[in-house]
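Chain letters run A, B, ... following the sequence lines, proteins first and then strands; every chain starts at 1.
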Amino acid sequence: MRAPRWTPAELLAVMGSRELGDDTSVFAGVGVPLLAAVLAQQRHAPRLTLVIEGGIIGPRIAPGRLPISTNEMRAAHRATMLPSITDTFLFAQRGFLDCGFIGGAQIDRYGNLNTSVIGGEYRRPKVRLPGSGGANDIISLCKEVVVLTVHEKRRFVERVDFVTSPGYLEGGESRRKSGLLFGRLTRVVTTLGIFGFDPDGKRMRLEALHPEVTKDAVVAETGFEILMPERIETTEPPTAEELRCLRAIDPERRFLGPLA
Amino acid sequence: MPGAAAPYDFREARRRLEAKAKSSGEKLTSIEDAVARVKDGDLVAAGGCLFSRTPMALVREILRQRRQRLTLARNLMCTEGELMMVAGAVDKVVTAWMSIGLPWGVSKIMREYVESGRVPLEEWSHLALGLRFRAAAMGVPFLPTLTMLGSDLIPVGGTKTLECPYTGETLALVPALFPDVAILHVHRADRFGNCQIDGYPHMDADIARAAATVLVTAEEIIPGDEVRRRPDRTSIPGFVVDALVHVPYGSFPHECYGLYEADFDHFGEYAAAIDAAGSRAVAGYLDRYVYGPATYGDYLDRFGRERLRRQAKYARELTR
């Protein structure tokens with residue numbers, strides 16, 4: 001087998017960046033989501049506004065000085081405004097945020113995400129995870145949300161143990177009925193492919209496979225039945241230019257991972 | 001009795017505020033005197049966020065004075081929360097997220113203390129907890145919001161929902177959180193407690209207004225005239241503040257915007273020690289950094305002045 005020409009994190013960052021349009025705003029966490037947003041800004045979306053939850057609008061992230069949190073000077077580098085954290089999220093509640101990127105330890109067929117507890121009782125869990133942070137707010141309040149995640153069976157579960165961040169809840173109209181009027185989970189971008197949700201039931205469905213990935217690989221790494229439409233696209237592989245830009249943003253490969 | 005009222009009881013919170021002195025006079029005091037205002041069982045809200053502008057000198061002194069049964073509220077909790085857990089100072093934490101930071105994975109200390117049931121973790125979304133402080137800062141019992149709806153965060157936090165009387169839509173009503181004590185670290189203040197913050201304001205201004213008692217450390221004490229020349233720079237007015245202490249590097253090893261970057265090497269060493277020895281490593285850390293050094297200056301010497309200068313240089317490079 002040929003050695004892969006990109007790492008899983010590079011694939012996710014490139015595919016994530018393509019989800020972002022010019023003249024839009026994005027709520028991005030640190031790591032791969034921030035790399036995706038900066039890449040989009042450098043490539044096809046020069047008028048993209050980055051918003052970071054620590055209270056940062058419009059930063060110009062310095063290559064090689066990538067933040068490890070949403071609350072630090074590296075994330076705020078050359079920002080245009082530093083509002084309070086509460087006010088930053090209220091921009092999203094008001095409707096100023098077109099896109100949000102989030103991830104999670106578990107995701108289910110309706111796109112619900114869990115970053116709270118795994119196993120056991122809620123108050124005596126087997127594994128206590130860090131919690132929502134801003135993820136719940138992002139998926140509740142941004143116009144469109146893209147989940148970026150490694151595709152593994154232990155993450156793609158039949159039912160999340162706890163709904164930290166609501167996707168489509170029980171499917172159908174349940175998200176809307178809970179009072180979540182505006183936000184919408186549009187895509188799940190994984191290391192295997194790109195997924196959407198069927199318009200009626202809101203169940204996750206395969207839309208495109210990354211180059212050299214098979215449907216069987218997706219089935220093997222998913223703990224629930226994924227809808228398979230008749231026509232499944234293949235994503236354009238990361239281009240040399242996308243990879244060059246991306247690697248220049250993270251030259252220390254802090255988030256891109258080691259190249260084989 | 002502190003902590004006896006429900007955290008959203010705006011009537012009790014108002015009575016406490018009306019009963020206390022709201023002076024424009026001298027606030028400058030020692031860290032020991034400031035922290036003497038914290039009582040066992042208090043709900044303490046810490047300013048800053050994650051490893052930014054953490055009131056580390058105040059946390060250190062709370063631990064040195066062996067406060068117990070505290071509830072610590074902070075939106076993103078970092079090493080200060082771990083220190084308070086292992087020191088036995090907290091009975092509960094209220095947060096949206098707790099760990100050190102992305103490179104070090106899920107906090108092993110948080111896992112140990114929360115999974116065993118020793119320290120319950122009350123969980124909110126980032127905005128919801130921010131709005132709890134804002135509701136308190138406004139003196140009202142709740143604020144309506146569109147976040148957290150439909151998620152399991154609503155039932156575990158006991159958040160009530162309401163059918164909007166104007167539109168008929170469902171709203172989440174997050175309850176106010178009135179802390180007994182706010183602990184904050186700011187860039188500068190005059191001796192009367194008028195505070196200026198550079199860079200991201202996080203939630204400090206809301207937390208200061210929400211709390212019954214406000215303790216502040218400042219990197220720099222400036223003349224009152226300087227404040228009066230730029231009153232637009234004041235984010236927390238003096239009459240809100242009860243005690244002020246001059247503490248340069250008062251957030252270290254966490255960051256203070258423009259002045260010093262967080263010491264990631266130190267976090268790495270701290271996390272590696274926990275990987276090797278679990279909470280015993282934190283007990284050793286408390287001896288070395290909290291109980292051992294008699295003064296904050298002695299504490300900073302444990303990091304070494306060279307390290308402080310290096311982190312200050314990084315901060316200048318990032319904010320010029």
Side-chain angles (χ1 to χ4, degrees), chain A residues 30-31 53-56 62 65 68-74 76-77 79 82-90 92-93 112 114-116 120 122-137 139-141 162-166 169 174-175 177-183 254-255, chain B residues 48-52 75-76 95-99 101-103 106-107 110-111 114-117 120-121 123-128 130-131 133-134 145-154 156 161 169-172 199-206 255 257-258 261-262 264 314-315 317-319:
Chain A
V30 292
E53 68 176 38
I56 298 159
R65 288 193 112 164
I68 59 166
S69 85
T70 52
N71 303 262
E72 61 175 89
M73 285 174 267
R74 293 171 188 225
H77 188 247
L82 301 175
S84 84
I85 292 170
T86 303
D87 290 326
T88 304
F89 282 110
L90 292 178
Q93 181 167 283
N112 301 306
N114 175 17
T115 49
S116 295
Y122 174 70
R123 279 164 223 290
R124 294 292 290 273
K126 190 154 156 278
V127 182
R128 178 65 233 194
L129 299 167
S132 161
N136 175 292
D137 307 307
I139 205 169
S140 299
L141 304 174
F162 185 92
V163 179
T164 312
S165 302
L169 298 176
S174 57
R175 179 183 165 100
K177 283 184 180 147
S178 76
L180 292 169
L181 306 184
F182 307 115
R254 192 186 275 257
F255 297 107
Chain B
C49 197
L50 195 63
F51 48 70
S52 170
N75 275 60
L76 306 186
T95 189
W97 192 91
M98 180 169 179
S99 278
L102 210 54
V106 181
S107 162
M110 186 262 308
R111 284 196 57 188
V114 178
E115 289 167 15
S116 66
L121 184 153
E123 179 174 18
W124 299 83
S125 81
H126 209 352
L127 173 60
L131 290 174
F133 288 126
R134 178 153 298 172
T145 179
L146 307 178
T147 200
M148 286 203 318
L149 288 163
S151 76
D152 289 337
L153 294 177
I154 292 273
V156 300
T161 59
E169 299 293 355
T170 303
L171 306 172
Y200 14 68
H202 298 313
M203 301 181 180
D204 292 48
D206 282 341
E255 73 154 61
Y257 182 92
E261 190 174 41
F264 300 129
Y314 291 162
E317 288 169 4
L318 284 164
T319 53

In terms of heavy-atom pairs under 4.5 Å, which option from [options] contacts chain B the most?
| options | answer |
| --- | --- |
| A:F162, A:F255, A:F182 | A:F162 |
| A:R123, A:R175, A:K126 | A:K126 |
| A:S174, A:G133, A:P166, A:S140 | A:G133 |
| A:A76, A:G54, A:S69 | A:S69 |

To the nearest 0.5 Å, what is the distance between [atom1] on [X] and [atom2] on [Y]?
| X | Y | atom1 | atom2 | value |
| --- | --- | --- | --- | --- |
| A:S132 | B:H126 | OG | NE2 | 8.5 Å |
| B:M148 | A:T164 | CE | OG1 | 12.0 Å |
| B:S116 | A:R128 | OG | CZ | 13.0 Å |
| A:M73 | B:T319 | CE | OG1 | 6.5 Å |

[options]: which one forms the most heavy-atom pairs within less than 4.5 Å of chain A?
| options | value |
| --- | --- |
| B:V114, B:L131, B:V156, B:V106 | B:V156 |
| B:W124, B:F133, B:Y314 | B:Y314 |
| B:L102, B:T170, B:L50 | B:L102 |
| B:T95, B:L121, B:I154 | B:L121 |
| B:S52, B:G48, B:A262 | B:S52 |
| B:G199, B:G130, B:S151 | B:S151 |

Which atoms of [X] come close to chain B, meaning under 4.5 Å heavy atom to heavy atom: side chain ones, backbone ones, both, or neither?
| X | value |
| --- | --- |
| A:Y122 | side chain |
| A:S116 | both |
| A:I139 | neither |
| A:R65 | side chain |
| A:L141 | side chain |
| A:L129 | both |

May I ask you to test the [X]-[Y] pair for a side-chain heavy-atom distance under 4.5 Å?
| X | Y | answer |
| --- | --- | --- |
| B:R134 | A:D87 | yes |
| B:N75 | A:E53 | no |
| B:M203 | A:S84 | no |
| B:Y200 | A:T88 | no |
| A:T86 | B:L127 | yes |
| B:T147 | A:F89 | no |

Taking A:R74 first and then B:E255, would you say they form a salt bridge - that is, a charged N and a carboxylate O separated by under 4.0 Å?
no
Pick one of side chain, backbone, both or neither for [X], based on which atoms fall under 4.5 Å of a heavy atom in chain A.
| X | answer |
| --- | --- |
| B:A172 | neither |
| B:P103 | side chain |
| B:E261 | both |

